[in-house]
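Below is one structure, written out as structure tokens; the observations come after it.
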Number of protein chains: 2
Amino acid sequence: MSGVDRSQEFRRGPVGPRTRAYEEVLNRIEERITADGLTVGDRLPGERQLAEQLQVSRSSVREALRALATLGVVSSQVGRGPDAGAVLTSRPDSALTDLLRLNLGLSTLSMREVVDTRLMIEQWAVAHAARDGEGALDEMARAIAAMDAATTPEEFVEHDIAFHMAIAAASGNRLTSAIMRALRDAVRRYAIDAVLRLGDTADLQADHRRIHSAVTEGDAAASVAAVTEHLARAYPG
Amino acid sequence: MSGVDRSQEFRRGPVGPRTRAYEEVLNRIEERITADGLTVGDRLPGERQLAEQLQVSRSSVREALRALATLGVVSSQVGRGPDAGAVLTSRPDSALTDLLRLNLGLSTLSMREVVDTRLMIEQWAVAHAARDGEGALDEMARAIAAMDAATTPEEFVEHDIAFHMAIAAASGNRLTSAIMRALRDAVRRYAIDAVLRLGDTADLQADHRRIHSAVTEGDAAASVAAVTEHLARAYPG
DNA sequence: TGACCAAATATGGTCTGACCATACACCCGG
DNA sequence: CCGGGTGTATGGTCAGACCATATTTGGTCA
């Protein structure tokens, strides 16, 4: 015989809502973040220490930390020192990307919905950029040049993403930028196939140049129109 | 002495990128989803079986499944039978909500950015609804009536969310709806405080009725204007 | 034969304790 | 003062056990 009879612990009330241990840990950590005003860069206690504090096993703590890591708010480093352990971060981009990619894989979201969402963000962002987004012009021009120099669809798409991310970044809104980034990363494969299908990138580049010109001239309406036509060309249907 | 010396296993190439075991499991499961065309409702093998197939410990499998559950693509039920075990699902809403809430808690995203994003979606959705969203009118009217009857800020906000979700749903785009839902859920507390601060909900309800009228008449421009003014009132600054 | 109840069983959930690889901290000698 | 060796805290992984739950199975009784 080994182990301890634990069958009578954690009885709360007549019906006990059956909170999983790792969820309890999750909530406690979130509480601590908001209550103690923890912010990016701060360290959480070690897994063993958290386990003792919360009276759960290290496995449960690890599952909770894994969930937080998946949401992009903690990042664990091994070893020792000030940078080791679970550190609070904030990487909504990769988390959003995974979320979209996997849900697309289960075909609960259609490509049409993703493209339409992208169109919404891009119209909104380019209108902002046309009004006061001079900072993005250089980045956009560089991306266009890099696309001209690209020799493979993969390379082209890489810089295409950079071009459109420059527009999104010009809006100054990190949330829409993160969503945009996640959308592009999640459908990267699809975009490469689209370039292959078109065969020629001249039309796409002409669109890019029109967008760049319209933003340069500060013409919001023309910018929106150019972006709309561009996406209609890239994702017909 | 117990255990087995494993120090020489998993050496691949000169520099081995040190893939964590649970990431390997994650990739394998994702592969299986796309390759085998698994879809919502299908079951994954049990944790013990997966562990044996992939030659890792059950803990690593569990961490991978926990990550997938956090992204809203699997859901685990205990017990036995066809519905037990890890089942593929697709709940982007709750995953998005957690993602936003936690990243907001770390103040990497400002409330301004969230509200602006919401404005973007809502303008886009209400324009769609005005064009062909008659299905949403009843739902909107019901929510307005429920807000009239609400006695607490919490209750009011609950139906306010329902009102705006009806608009989002009318767009027919599940991705934007999911983002909208996540935005509202993540800032629910903030919205309740806003209602308390305003003290009176008459102006908000007047806005809601204007939006409903504009959508009823199919006037997209008026709908967008009404939504814009509504959000400016609710979240000044 | 059919309905009902009890045992077997498969599943996720949790715990314990161990070992490994890593990377900084510390100390000691030159 | 500096360089290297050792100590040690940290996450990563594993193995094995037990628990709670829910279905399946099979037997018993009406």
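Reminder, nothing fancy here: chain letters follow the sequence lines and each chain counts from 1.
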Self-check item: Most 5' of A/A86 and B/S57 on DNA chain D, judged by nearest nucleotide
Solution: A/A86

Short N/O separations, protein against nucleotides 24-27 of chain C, under 3.5 angstrom:
residue	atom	partner	partner atom	Å
C/dC24	O4'	A/R80	O	2.8

Exercise. May I ask you to say what B/Q77 touches in the nucleic acid, namely base, sugar-phosphate or nothing, with a heavy-atom cut-off under 4.0 Å?
Key: sugar-phosphate

Exercise. Determine the contact category for A/S59: base if any of its heavy atoms lies under 4.0 Å from a base atom, sugar-phosphate if only primed atoms, P, OP1 or OP2 are that close, otherwise nothing.
Key: base

Quiz item: Is there a residue in residues 40-49 of chain A whose heavy atoms reach under 4.0 Å of DNA chain C, and which residues are they?
Solution: A/R48

Give the rounded distance in Å between these two atoms: [atom1] of [X] and [atom2] of [N].
X: A/E23; N: C/dG13; atom1: CD; atom2: C1'; result: 11 Å
X: B/R62; N: C/dT14; atom1: CZ; atom2: C1'; result: 8 Å
X: B/Y22; N: D/dG11; atom1: OH; atom2: C1'; result: 12 Å
X: B/E52; N: C/dT11; atom1: CD; atom2: P; result: 12 Å
X: A/R66; N: D/dG12; atom1: CZ; atom2: C1'; result: 8 Å
X: A/L50; N: D/dT10; atom1: CG; atom2: P; result: 11 Å
X: B/E24; N: D/dT13; atom1: CD; atom2: C1'; result: 14 Å

Donor-acceptor pairs under 3.5 Å, side chain of residues 89-97 of chain A to any protein atom, not counting sequence neighbours: which ones?
residue	atom	partner	partner atom	Å
A/S90	OG	B/N103	OD1	2.5
A/S90	OG	B/T108	OG1	2.5
A/T97	OG1	A/D93	O	2.8

Quiz item: Are OP1 or OP2 of C/dC15 and a side-chain N or O of A/S60 less than 4.0 angstrom apart?
Solution: yes

Self-check item: Which nucleotide in C/dT14, D/dT13, C/dG12 has an atom nearest any side-chain atom of B/V78
Solution: C/dG12

Practice problem: Would you check if A/L71 and B/L71 make a side-chain contact, meaning some heavy-atom pair closer than 4.5 Å? | Solution: no

Quiz prompt | Donor-acceptor pair under 3.5 Å, B/R58 side chain vs C/dG13 base | solution = yes

Under a 3.5 Å threshold, yes or no: a donor from one side chain and an acceptor from the other, between [X] and [Y]?
X: A/D160; Y: A/H208; result: yes
X: B/Y22; Y: B/R62; result: no
X: B/E63; Y: B/S60; result: no
X: B/R58; Y: B/Q49; result: no

May I have the list of side-chain donor-acceptor pairs in residues 151-158 of chain A shorter than 3.5 Å, sequence neighbours left out?
residue	atom	partner	partner atom	Å
A/T151	OG1	A/E155	OE1	3.2
A/T152	OG1	A/E155	N	3.1
A/E155	OE1	A/T151	N	3.4
A/E158	OE1	A/R188	NH1	2.6
A/E158	OE2	A/R188	NH1	3.0

Donor-acceptor list for residues 73-85 of chain A side chains, cut-off 3.5 Å, not counting sequence neighbours:
residue	atom	partner	partner atom	Å
A/S75	OG	A/Q77	NE2	2.7

Exercise. Identify, between A/E63 and B/G85, the residue whose nearest nucleotide on DNA chain C lies closer to the 5' end.
Key: B/G85

Under 3.5 Å, which donor-acceptor pairs link side chains of residues 133-145 of chain A to any protein atom two or more places apart or in another chain?
residue	atom	partner	partner atom	Å
A/E139	OE1	A/R142	NH2	3.0

